[in-house]
There are 2 protein chains.
Amino acid sequence: MTGGYSITELSQEFDVTPRTLRFYEDRGLLAPARRGTTRIYSDRDYTRLKLTLRGTRLGFSLEECKEIMDMYDPSRRLNSRQLLRLCAKIREHRNALLAKLRDIEATLDAMDEVERKCLDTLLSEPA
Amino acid sequence: MTGGYSITELSQEFDVTPRTLRFYEDRGLLAPARRGTTRIYSDRDYTRLKLTLRGTRLGFSLEECKEIMDMYDPSRRLNSRQLLRLCAKIREHRNALLAKLRDIEATLDAMDEVERKCLDTLLSEPA
DNA sequence: TGCTAAGTTGACGTTAACGTCAACTATAGA
DNA sequence: TCTATAGTTGACGTTAACGTCAACTTAGCA
């Protein structure tokens, strides 16, 4: 336990604005406790925020991030049917990620080639 | 040479709407020739579209895609200063891609663990 | 207890990336 | 030559993901 984070603490930690954290709460991605009216973010909020930002960096929508995190949530007890559905979802998400991975590798390869040509030209040129 | 693609041919090939292609042209990503008023897309347009879609899938903006493609354009002759700038840009983009790659790997690892727990629970349960 | 800094809730604004008409125009085949 | 089909140009609409006030309220501390 950390005693919780204030909204500015958490926003500075992840380099986002407080507005973003309130917006994420509005969309159901975060669910901070309250002391009076003031928000107190838990470790759970911390990791959900981390996952959310990781997801958006990869081009997933907030809605998709929420869906994934809600399914993966370890605090929920799932029955067999739900567990099977979760496994299916995982495969789906994994495939999406692997597709992105291939996109990245293709781009990296292309960049390597451009760089090589670039250096070749530089080295074969007069000073 | 392929003789060029019509707007619907190209849009169907990549599963986007004609509107998207016109929009990309407006933003300087594509530059189709014209027969009368009708657009004719070249192989260059084809590959620029492919790269654009690949970029957006990875979360890059159209502006970033354009910047990268314009720099990498092999039809331009660059002097040493420009070549060095290009090399620097390549390193920059490569770092961005490697960061995304790490994000993906972290997510894949997390998903593997959830799946493992998921299967464990399923297998240890009564029918 | 009074003040400053931090936090809160609306409400409206903004930007990117298209979608969706509407109103023409051009082109190819019968 | 006529007509159906594909294409064109505006212009306005939409959605996601926040930004930006404004107007209060709260909380810690000298």
Side-chain angles (χ1 to χ4, degrees), chain A residues 2-42 45-46 48-70 93 96 100 103, chain B residues 2-42 45-46 48-70 93 96 100 103:
Chain A
T2 49
Y5 311 83
S6 79
I7 193 166
T8 37
E9 280 171 6
L10 194 60
S11 67
Q12 285 171 1
E13 175 100 13
F14 287 99
D15 198 33
V16 296
T17 68
R19 172 69 175 110
T20 300
L21 300 186
R22 295 197 193 98
F23 181 70
Y24 286 179
E25 178 178 356
D26 191 58
R27 295 308 179 89
L29 295 160
L30 303 177
R34 301 283 181 131
R35 175 158 45 193
T37 70
T38 303
R39 277 165 253 255
I40 300 174
Y41 294 89
S42 67
D45 291 315
Y46 183 100
R48 283 180 68 101
L49 178 56
K50 187 165 77 176
L51 294 176
T52 300
L53 295 175
R54 190 185 276 166
T56 58
R57 282 196 301 267
L58 294 176
F60 291 106
S61 72
L62 294 181
E63 191 57 40
E64 289 171 316
C65 292
K66 175 174 159 51
E67 191 202 343
I68 299 175
M69 291 190 303
D70 286 351
H93 293 138
K100 283 179 199 288
D103 277 339
Chain B
T2 47
Y5 312 82
S6 77
I7 192 164
T8 37
E9 282 172 6
L10 195 58
S11 67
Q12 285 172 1
E13 174 100 14
F14 287 100
D15 197 35
V16 296
T17 69
R19 172 69 175 108
T20 300
L21 300 185
R22 297 198 193 97
F23 181 70
Y24 286 179
E25 178 179 356
D26 191 59
R27 294 308 179 88
L29 294 160
L30 303 177
R34 299 285 179 130
R35 177 158 44 192
T37 69
T38 303
R39 278 165 253 254
I40 300 173
Y41 294 90
S42 67
D45 290 315
Y46 184 99
R48 283 180 68 100
L49 178 56
K50 186 166 78 176
L51 293 177
T52 300
L53 295 175
R54 189 185 277 166
T56 57
R57 280 197 301 267
L58 293 174
F60 291 106
S61 72
L62 293 181
E63 191 57 40
E64 289 171 317
C65 292
K66 175 175 159 50
E67 191 203 343
I68 298 176
M69 291 189 304
D70 287 351
H93 293 137
K100 283 181 198 291
D103 277 339

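Letters A, B, ... mirror the listed sequences (proteins, then strands); counts begin at 1.
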Qualifying side-chain hydrogen bond (donor to acceptor under 3.5 Å, both in side chains) pairs with a residue from residues 17-31 of chain B, counting only residues at least two apart or across chains: B/T17-B/T20, B/E25-B/R34, B/E25-B/R39
Taking side chain to side chain donor-acceptor pair (under 3.5 Å) as the definition, give me every residue that meets it alongside B/K100, ordered by chain and number, with sequence neighbours left out. none
What's the CG-C1' distance between B/D26 and C/dA16, to the nearest Å? 13 Å
From CD1 of A/I40 across to C1' of C/dG7 the rounded distance in Å is 12 Å
A/E63 CD to D/dA17 P, in whole Å, measures 8 Å
Excluding sequence neighbours, so at least two apart, what forms side chain to side chain contact (heavy atoms under 4.5 Å, CB included) with A/Q12? none
Partner set under side chain to side chain donor-acceptor pair (under 3.5 Å) for A/T8, not counting sequence neighbours: A/S6
Per-nt protein contacts along nucleotides 18-28 of chain C (heavy atom under 4.0 Å; B base, S backbone sugar-phosphate only, - none) come out as BBB--------
Over how many whole Å does the gap from B/E64 atom CD to C/dA16 atom C1' extend? 12 Å
What is the distance, to the nearest angstrom, from the CG atom on B/L10 to the P atom on D/dA6? 17 Å
Tell me the interatomic distance from A/R34, atom CZ, to D/dT26, atom P, rounded to whole angstroms. 13 Å
Test item: B/D45 side-chain N/O and B/A31 main-chain N/O as donor-acceptor pair under 3.5 Å: yes
Quick one: side chain to side chain donor-acceptor pair (under 3.5 Å) partners of B/R54, sequence neighbours excluded? none
Would you please confirm or rule out a distance under 4.0 Å between OP1 or OP2 of D/dA6 and any side-chain N or O of B/S6? no
Could you check how far CZ of A/R22 sits from C1' of C/dA11, rounded to whole Å? 14 Å
Figure out the CD/C1' separation between B/E9 and D/dA6, and round it to whole Å. 11 Å
